[in-house]
Amino acid sequence: MLISIFLLCQMGDCESIIPTSEGEQHVIAAFQHLAKLLRTSQNVNDELKRLLIDLDSHLTSMTLYTHLQDGKLNELESRFKSAEEKIRRWESNESMIWDSGPKEACEYMKAVDEIHKVQEGLISLPVNDGRKQKDLLSQAESVIQFAMSRLEQELVHILAQHKLYFEPNCVPFQSGGYDVLYNESFASVEDSLEEETSQRESIPAVCIVNMVHPHVIPHLKSIANAMFTSNYIQEFSLAFVRMRKDALDEYLLILEMERHSIGDLQTMEWDVLNVKIKKWIWLIKVVIRVYLASEQRLCNNIFEGFGSYSATCFAEISATSMLCLLNFGEAIAMTTRRPEKLFRLLDMYEVLENLLGDIGALFSEDTEMGSFLKAEFHNLFMKLGDSARATFVDFGSLIARSISTSPFPGGGVHHLTKYVMNYIRTLTVYRDSLVFLLRDEAADGLGPASELLNEINSMPCPLAFHLQSITSQLISNLNNKSKLYNDDALRHIFLMNNIHYMVQKVEGSELRAFFGGEWIREHNRMLQIHANIYMRVTWQSVISLLRLDGDGTNTPKAVFKEKYRAFNVAFEEIYKTQTGWNVSDPDLRDDLHILTSNCVIQAYRFLCNLKSQFNCEKYIKYTIDDLSKHILDLFQGSPCSLQSSRRR
């Protein structure tokens with residue numbers, strides 16, 4: 001063995017034979033003593049003495065190195081015991097470290113850091129069979145396990161005690177919106193449409209709020225750093241995600257976010273579902289632009305420097321709330337298509353379109369859950385667009401299927417006309433979305449009505465085509481409804497009322513950009529045709545009663561008297577009937593009054609001018625002024641009987 005030691009030392013590899021146990025140290029000491037004895041022997045030549053001197057020097061170095069390593073190990077053991085004591089004393093202490101004050105928290109974290117340094121020191125010592133070194137490493141790992149478990153408890157406690165609740169008063173929920181329903185109350189729709197347009201919610205900008213008290217952020221980061229250094233970042237992440245998920249659920253409870261099954265939503269009454277959709281539109285904006293944006297900042301602060309952990313944890317925290325919102329939207333896109341749903345579908349589509357950029361910034365493609373949520377969001381966006389487009393395209397056929405079995409009272413503006421025109425007028429608010437959704441409509445499907453060009457790309461506008469097609473189907477339906485009237489004059493009053501209403505809606509709104517001046521002129525000509533027919537059907541026979549042969553001078557007095565009598569009877573019958581007819585638009589009513597007066601009064605005046613010649617004043621029941629006033633009573637919607645202004 002002495003020769004082996006000597007040879008290894010000669011090769012400069014003394015460290016490989018460092019004594020690792022007390023027995024080995026005794027052997028080395030014995031070898032060193034033996035070498036000294038041999039050097040003093042008279043039988044040893046000079047060369048051997050020189051070698052023995054070198055061996056003694058190497059053995060001395062080995063002994064000193066051994067003492068040095070022992071000293072390092074003892075020092076590490078001492079440091080470990082001190083740090084362990086600071087950590088273990090919290091084992092039976094039910095108080096929370098960070099609640100006990102910054103001094104205690106700082107001392108605890110320093111002790112954890114000291115254990116890490118002791119571990120590094122022990123690992124840096126030469127690998128050998130020393131039980132003491134192995135025991136210390138095992139004890140250090142045990143202490144770290146306890147410390148990490150305790151830090152996880154502290155993390156949970158801090159997150160629970162210091163979370164902040166934010167009620168988004170800056171983004172109040174409004175239950176209003178665009179609702180155009182086919183019922184009997186269209187006046188309220190017309191009156192409130194302008195107000196609703198001004199109240200249309202613009203999507204709020206991103207609003208970052210504190211999800212936990214700012215003063216605990218350094219505490220959370222120090223816990224994260226300690227657990228990351230100890231390879232316990234997975235445990236930290238799981239606890240953090242669990243707590244923040246629970247917090248987000250509480251926030252959504254404050255926002256009154258409800259969870260419904262697809263089956264429930266598909267069978268829900270529209271009035272109830274309509275409110276829930278409006279609430280969803282508000283919720284998804286607040287959740288994404290306030291809560292999730294703020295949650296992402298919190299994750300970035302806590303997981304800074306930890307690679308993809310921030311993106312991964314944030315996606316896991318967001319998943320439940322996001323999927324709940326997306327599932328609601330999915331159910332709405334799948335429900336039966338109904339005209340009143342179109343506005344809600346377009347609202348949902350537009351809000352998702354506005355949030356696409358936010359979703360791209362929130363969720364990373366590098367994480368499985370983040371990539372999944374982005375894909376689901378985009379899929380819902382596409383489905384809502386498809387559903388909105390299909391609902392809009394189906395609207396025309398719905399008009400065609402509207403059948404009446406009785407004439408509309410008074411020949412006024414039909415509910416269907418008000419419904420359709422207010423419906424399409426409201427759609428202009430969504431013009432950009434509809435133009436985009438209809439962009440793939442086949443060009444050969446655009447007829448002469450679509451000559452209107454899109455202002456942006458100078459191409460035929462599918463939206464203009466569809467809107468004009470809807471009004472064409474409406475007029476066709478109105479023509480069918482007009483045939484229900486037994487009175488031809490009332491039939492044309494009905495058509496005049498409804499066509500005039502349509503023209504007014506187009507002229508006085510954004511619809512003009514989609515219909516153009518030619519459409520307005522064409523329908524005004526149509527209006528004039530119906531007015532002429534009304535005049536012919538109503539007044540032609542009446543006016544014929546006032547005609548006399550030649551200049552009337554040779555007309556017998558009895559004939560003159562009969563003409564007055566017949567005219568009075570005919571006029572009174574028309575008055576009694578047509579005062580009950582309804583022309584609600586004052587301009588159209590005035591035009592009809594003027595048209596009637598110009599025709600009737602002129603013929604009546606000619607007859608009245610002959611009254612002195614025949615001394616027939618007693619036969620004249622109505623003066624020209626009386627007749628003019630009575631004509632103004634027509635189309636007021638309230639039937640009246642004439643009271644003579646003069647006694648017969």
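Remember, it's a predicted structure, so these values are computed and weren't measured experimentally.
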Original post:
Does some side-chain heavy atom of L373 sit less than 4.5 Å from a side-chain heavy atom of I359?
Top reply: no
Subject >> Whether T267 side chain and G263 backbone form a donor-acceptor pair below 3.5 Å >> reply: yes
**OP:** Evaluate salt bridge (charged side-chain N to carboxylate O under 4.0 Å, His left out) for E114 paired with K86, printing each intermediate quantity in order.
**Re:** CA-CA 11 Å; E114 181 69 1; K86 294 176 182 177; over 6 Å; no
Original post:
Are the side chain of W98 and the backbone of A105 linked by a donor-acceptor contact shorter than 3.5 Å?
Top reply: no
Original post:
Taking the side chain from S261 and the backbone from D264, do they hold a donor-acceptor pair closer than 3.5 Å?
Top reply: yes
Original post:
Where do Q266 and T336 land on the side-chain contact (heavy atoms from CB on, under 4.5 Å) test, with the steps shown first?
Top reply: CA-CA 8 Å; Q266 289 180 331; T336 305; over 6 Å; no
Subject >> Distance (rounded to the nearest 0.5 Å) between H260 NE2 and C324 SG >> reply: 8.5 Å
Original post:
Counting N and O atoms only, with roles assigned by atom type, does the side chain of S138 sit under 3.5 Å from a partner on the main chain of K134, one being a donor and the other an acceptor?
Top reply: no
Subject >> S364 OG to M369 CE distance, which is reported to the nearest 0.5 Å >> reply: 13.5 Å
Subject >> Ring centres under 6.0 angstrom apart (F228, F303) >> reply: no
**OP:** Could you pull out the closest heavy-atom pair between N93 and S95, with the gap in Å?
**Re:** OD1-N, 2.9 Å
Original post:
Do F306 and S237 have side chains that get closer than 4.5 Å, going by heavy atoms?
Top reply: no
Original post:
Between R431 and E510, is any pair of side-chain heavy atoms under 4.5 Å apart?
Top reply: yes
**OP:** Tell me, with the steps shown, if L76 and R79 meet side-chain contact (heavy atoms from CB on, under 4.5 Å).
**Re:** CA-CA 5 Å; L76 291 172; R79 290 166 57 191; 3.7 Å; yes
**OP:** Please report the shortest heavy-atom distance between A140 and I115, naming the atom on each side.
**Re:** O-CG2, 3.9 Å
Original post:
Looking at CG of L342 and CZ of R389, how far apart are the two atoms once the value is rounded to the nearest 0.5 Å?
Top reply: 12.0 Å
Subject >> Note, I223 side chain near F240 side chain (heavy atom, < 4.5 Å) >> reply: no
Original post:
Do other residues, nucleotides or ligands put more than 12 heavy atoms under 6.0 Å from the CD atom of E269?
Top reply: no
Subject >> Side-chain ion pair, K285 and D358, N-O less than 4.0 Å >> reply: no
**OP:** For the pair T335 and W270, evaluate side-chain contact (heavy atoms from CB on, under 4.5 Å) and give the outcome as yes or no after the intermediate values.
**Re:** CA-CA 11 Å; T335 52; W270 170 247; over 6 Å; no
**OP:** Identify the two heavy atoms, one from I87 and one from A147, that lie closest to each other, and give their separation to 0.1 Å.
**Re:** CG2-CB, 4.2 Å
**OP:** Can you label the angle between the F381 ring and the Y349 ring as parallel, tilted or perpendicular, going by 30° and 60°?
**Re:** parallel
Original post:
Quick one: does NZ or CZ of R439 land under 6.0 Å from the six-membered ring centre of F436, within 45 degrees of the ring axis?
Top reply: yes
Subject >> Min side-chain heavy-atom separation E250-K163 under 4.5 Å >> reply: yes
**OP:** Locate the shortest heavy-atom distance separating F314 from L362; write the atom from each residue and the value.
**Re:** CE2-O, 3.3 Å
Subject >> L155 to A239 - nearest heavy-atom pair and separation >> reply: CD2-CB, 3.9 Å
Original post:
Which atoms form the tightest heavy-atom contact between T391 and R337, and what is the distance?
Top reply: OG1-CD, 3.3 Å
Original post:
Is K110 paired with D113 through a side-chain N to carboxylate O contact shorter than 4.0 Å?
Top reply: no
Subject >> Side-chain heavy-atom pair L438, F392 within 4.5 angstrom cut-off >> reply: yes
Original post:
Rounded to the nearest 0.5 Å, how far does CD1 of I208 lie from OH of Y291?
Top reply: 13.0 Å
Original post:
Would one find more than 12 heavy atoms of other residues, nucleotides or ligands at under 6.0 Å from atom CD of E304?
Top reply: no
**OP:** Taking only Lys NZ, Arg NE, NH1 and NH2, and the carboxylate oxygens of Asp or Glu, determine whether D386 and K383 approach each other closer than 4.0 Å.
**Re:** no
Original post:
Are more than 12 heavy atoms from other residues, nucleotides or ligands located less than 6.0 Å from atom CD of Q145?
Top reply: yes
Original post:
How are the rings of F395 and Y423 set to each other: parallel, tilted or perpendicular (split at 30° and 60°)?
Top reply: parallel
Subject >> Side chain to side chain, L252 and S321, heavy atoms closer than 4.5 Å >> reply: yes
Original post:
Got a donor-acceptor contact below 3.5 angstrom from the Y309 side chain to the Q234 backbone?
Top reply: no
Original post:
What's the spacing between Q161 CD and H213 NE2 if we round to 0.5 Å?
Top reply: 10.0 Å
**OP:** Starting at OG of S230, measure out to CD of Q119 and round the result to the nearest 0.5 Å.
**Re:** 7.5 Å
Original post:
Are I317 and L292 side-chain neighbours, meaning at least one heavy-atom pair lies under 4.5 Å?
Top reply: no
Original post:
Do R150 and E154 pass the salt bridge (charged side-chain N to carboxylate O under 4.0 Å, His left out) test, and can you show the C-alpha distance, the side-chain angles, and the key distance before you say yes or no?
Top reply: CA-CA 6 Å; R150 183 57 190 251; E154 295 289 330; 3.2 Å; yes
**OP:** Just do the side-chain contact (heavy atoms from CB on, under 4.5 Å) check on T320 and L248 with the steps written out, would you?
**Re:** CA-CA 9 Å; T320 302; L248 187 55; over 6 Å; no
